[in-house]
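All values reported here derive from a predicted model rather than from experimental measurement. FYI, the numbering just counts along the sequence from 1.
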Amino acid sequence: MPLKNILNRQKKNKSKENLSENQNSPTRETPRPEAPTTTPEANGGNTVKSDHPQQPPRPKLVFHCQQAQGSPTGIISGFTNVKELYVKIAECYEIPSSEILFCTLNTHKCDMTRLLGGQIGLEDFIFAHVKGQPKEVEVVKSEDALGLTITDNGNGYAFIKRIKEGSIMDKVPIVYVGDHIEKLNGQTVVGLRHYEVAKMLKEIPKGTTFTLRVVEPLKSGFSFVGQSTGKKSSSVSNKVGSGKQTLRLRSTGPATVEQDDDAANIATDKINNLLESYMGINDTELAQSIWEIGDKCDNPHDFACAVDESDMKDFGFTDTFIFDLWGAITDAKSGRLKKTQEFNEQF
């Protein structure tokens, strides 16, 4: 081979070597991610410390559910609040979670005494009530009080929990207990809390005619729906048991499994009746929170201060109402409160 060609080939090879060296040079290398920091454990091992905050563990409990109008039985788990529960049920039946109005425990009927509130018994069977027929009616507010008690599902829907016998709303033929209040005078109330809807109804002037749009839950087309077998997975029965334990759901913070407390249950019911009497609302979680605050206080002054320092200050409870709440709490603590008393709604 001629010497000129040999020199040209050597130059080309040298160029290729330089290109390869430059590509593999540390200065061109993509920076590697830093190794996670580790902290020594007591047993001599290392634990990887994540940069992301750890999420609270989800309770490994399994619950059975059905749609109230009739459906196959579904199995759900891994939720920590009511919103997540609705999402789990919706995923199980491949429907939007916005279709679920509320849930009842151990009955497919619109039984407001069985509403799913802030807790679920570990053996409870969940029935989801989904949207049915919308209805619109004009109502004349001929009296100061309409006779409604309103609650909500914890997911943006307010609905009717009770209608007082002989009241204005009792005489409206197409509005029933369990109906979701969707609009007032054409204004949507979806996303509002029950106390906000109650306030809007209360502020309607006496003698005014207003338009109420409600959505009734879809009803069952047959006489019975399959009930729970009472069996749970081994993970539940072995770790938790089947006593008077419940899964406590909270708006904030993780769900917890708790033992039933008779004093707390009695106090919660009485506080809920007081909420109905003074505000026209029913809210088990709010009642439980009030009890928990009061249970830690020794006198009404401390209780009033604790309420004012909590998220409940936005409710604007009057001094009289605070005193009545404290009376229910102290009665429950002492064992004097055996059963709740019903009150008339005031709006």
Looking only at heavy atoms, the pair that brings Asp144 and Lys206 closest together is OD1-CD, 3.4 Å
Under a 4.5 Å side-chain heavy-atom rule over Ile, Leu, Val, Met, Phe, Trp and Tyr, are Leu184 and Val172 clustered together?
yes
Kindly write out the residues that satisfy side chain to side chain donor-acceptor pair (under 3.5 Å) with Asp179, not counting sequence neighbours, or none if the list is empty.
Lys135
Is a side-chain N or O of Asn185 found less than 3.5 angstrom from the main chain of Thr211, in a donor-acceptor match?
yes
Donor-acceptor contact below 3.5 Å, side chain Lys141 vs main chain Leu201
yes
Parallel, tilted or perpendicular: ring planes of Phe102 versus His129, cut at 30 and 60 degrees
parallel
Report the distance from atom CD of Glu91 to atom CD1 of Ile76, rounding to the nearest 0.5 Å.
10.5 Å
Can you name the nearest heavy-atom pair linking Asp302 to Asp298, along with the distance?
OD2-N, 4.5 Å
Side chains of Ile174 and Glu216: does their closest heavy-atom pair fall under 4.5 Å?
no
Atom pair CD1 (Ile163) and CE (Met169), whose distance is rounded to the nearest 0.5 Å:
6.0 Å
Donor-acceptor contact below 3.5 Å, side chain Lys183 vs main chain Ile181:
no
Whether the side chain of Glu99 engages the backbone of Pro96 through a donor-acceptor N/O pair (distance < 3.5 Å, no angle test) should be reported.
no
Do any pairs count as a ring-ring contact (aromatic ring centres under 6.0 Å, His included) and have a residue in residues 182-214, sequence neighbours left out, and if so which ones?
Tyr195-Phe315
Let me see the working for Ile126 and Leu105 under side-chain contact (heavy atoms from CB on, under 4.5 Å), right down to the final yes or no.
CA-CA 5 Å; Ile126 302 171; Leu105 300 176; 4.0 Å; yes
Please assess Ile290 against Phe303 for the test side-chain contact (heavy atoms from CB on, under 4.5 Å), listing each intermediate value before the final yes or no.
CA-CA 9 Å; Ile290 292 172; Phe303 174 62; 3.9 Å; yes
Does the side chain of Arg193 come within less than 4.5 Å of Asp283's, by heavy atoms?
yes
Going through the checks in order, is the side-chain contact (heavy atoms from CB on, under 4.5 Å) test met by Met112 and Thr151?
CA-CA 10 Å; Met112 297 294 105; Thr151 188; 5.5 Å; no
Heavy-atom nearest pair, Val307 first then Phe317, reads CG1-CD1, 4.1 Å
Tell me the closest heavy-atom pair linking Cys297 and Trp326, and the distance in Å.
O-CH2, 3.4 Å
Might you work through the side chain to side chain donor-acceptor pair (under 3.5 Å) test for Gln66 and Ser71, ending with a clear yes or no?
CA-CA 6 Å; Gln66 285 183 348; Ser71 72; 5.4 Å; no
Do you know which two heavy atoms are closest between Arg162 and Val177, and how far apart they sit?
CA-CG2, 4.1 Å
Mark yes or no for whether Asn106, through its side chain, and Asp124, through its backbone, hold a donor-acceptor pair below 3.5 Å.
no
Quick check: does any side chain N or O of Asn153 sit under 3.5 Å from a backbone N or O of Ala158, one acting as donor and the other as acceptor?
no
Test your reading of the model: is there a side-chain donor-acceptor pair from Tyr157 to the backbone of Gly154, 3.5 Å cut-off?
no
Answer yes or no: is there an ion pair linking Asp331 with Lys270, defined by an N-O contact shorter than 4.0 Å?
no
Nearest 0.5 Å, what's the CG-CD1 distance between Leu325 and Ile293?
10.0 Å
Heavy-atom side-chain contact between Ile271 and Ile329 under 4.5 Å:
yes
How long is the span from the OG atom in Ser97 to the NZ atom in Lys88, to the nearest 0.5 Å?
12.5 Å
Could you measure the distance from the NZ atom of Lys333 to the CH2 atom of Trp291? Nearest 0.5 Å is fine.
6.0 Å
Point-to-point distance, once rounded to the nearest 0.5 Å, from CG of Asp324 to OG1 of Thr318:
8.0 Å
Could you tell me which non-hydrogen atom of Asn155 sits nearest to which non-hydrogen atom of Tyr86, and how far apart they are?
ND2-CD2, 3.4 Å
Could you tell me whether the side chain of Phe127 reaches within less than 4.5 Å of the side chain of Gln69, counting heavy atoms only?
no
State plainly whether one hydrophobic cluster holds both Leu192 and Val215, where clusters connect Ile, Leu, Val, Met, Phe, Trp and Tyr through side-chain heavy atoms under 4.5 angstrom apart.
no
Assess whether atom CG of Asn299 is packed by more than 12 heavy atoms of other residues, nucleotides or ligands within 6.0 Å.
yes
Greater than 12 external heavy atoms within 6.0 Å of Lys83's NZ:
no
Measure the shortest side-chain to side-chain distance between Phe321 and Leu274 over non-hydrogen atoms and say whether it is less than 4.5 angstrom.
yes
Indicate yes or no: at least one non-hydrogen side-chain atom of Ile120 is less than 4.5 angstrom from one of Cys103.
no
Are Tyr176 and Leu101 connected in the hydrophobic side-chain network, where two residues link if heavy atoms are under 4.5 Å apart?
no
If you define the side chain from C-beta out and look only at heavy atoms, does anything of Thr104 sit under 4.5 Å from Leu116?
no
Sidechain-backbone polar pair: Lys219 side chain, Cys110 backbone, donor-acceptor under 3.5 Å
no
May I ask you to test the Met200-Ile204 pair for a side-chain heavy-atom distance under 4.5 Å?
no
Any donor-acceptor pair under 3.5 Å linking the side chain of Tyr93 with the backbone of Pro72?
yes
Same hydrophobic cluster for Val87 and Val130, using side-chain heavy-atom links shorter than 4.5 Å among ILVMFWY?
no
Mind running salt bridge (Lys or Arg N to Asp or Glu O under 4.0 Å) on Asp170 and Lys164 for me, showing each step along the way?
CA-CA 7 Å; Asp170 189 39; Lys164 183 182 176 182; over 6 Å; no
Determine whether Val175 and Val140 fall in the same hydrophobic cluster, where Ile, Leu, Val, Met, Phe, Trp and Tyr are linked whenever their side-chain heavy atoms lie under 4.5 Å apart.
no
I'd like to know whether His180 forms a side-chain contact (heavy atoms from CB on, under 4.5 Å) with Val190, so could you lay out the CA-CA distance, the side-chain angles of the two residues, the decisive distance to 0.1 Å, and finally the verdict.
CA-CA 9 Å; His180 158 50; Val190 174; 3.9 Å; yes
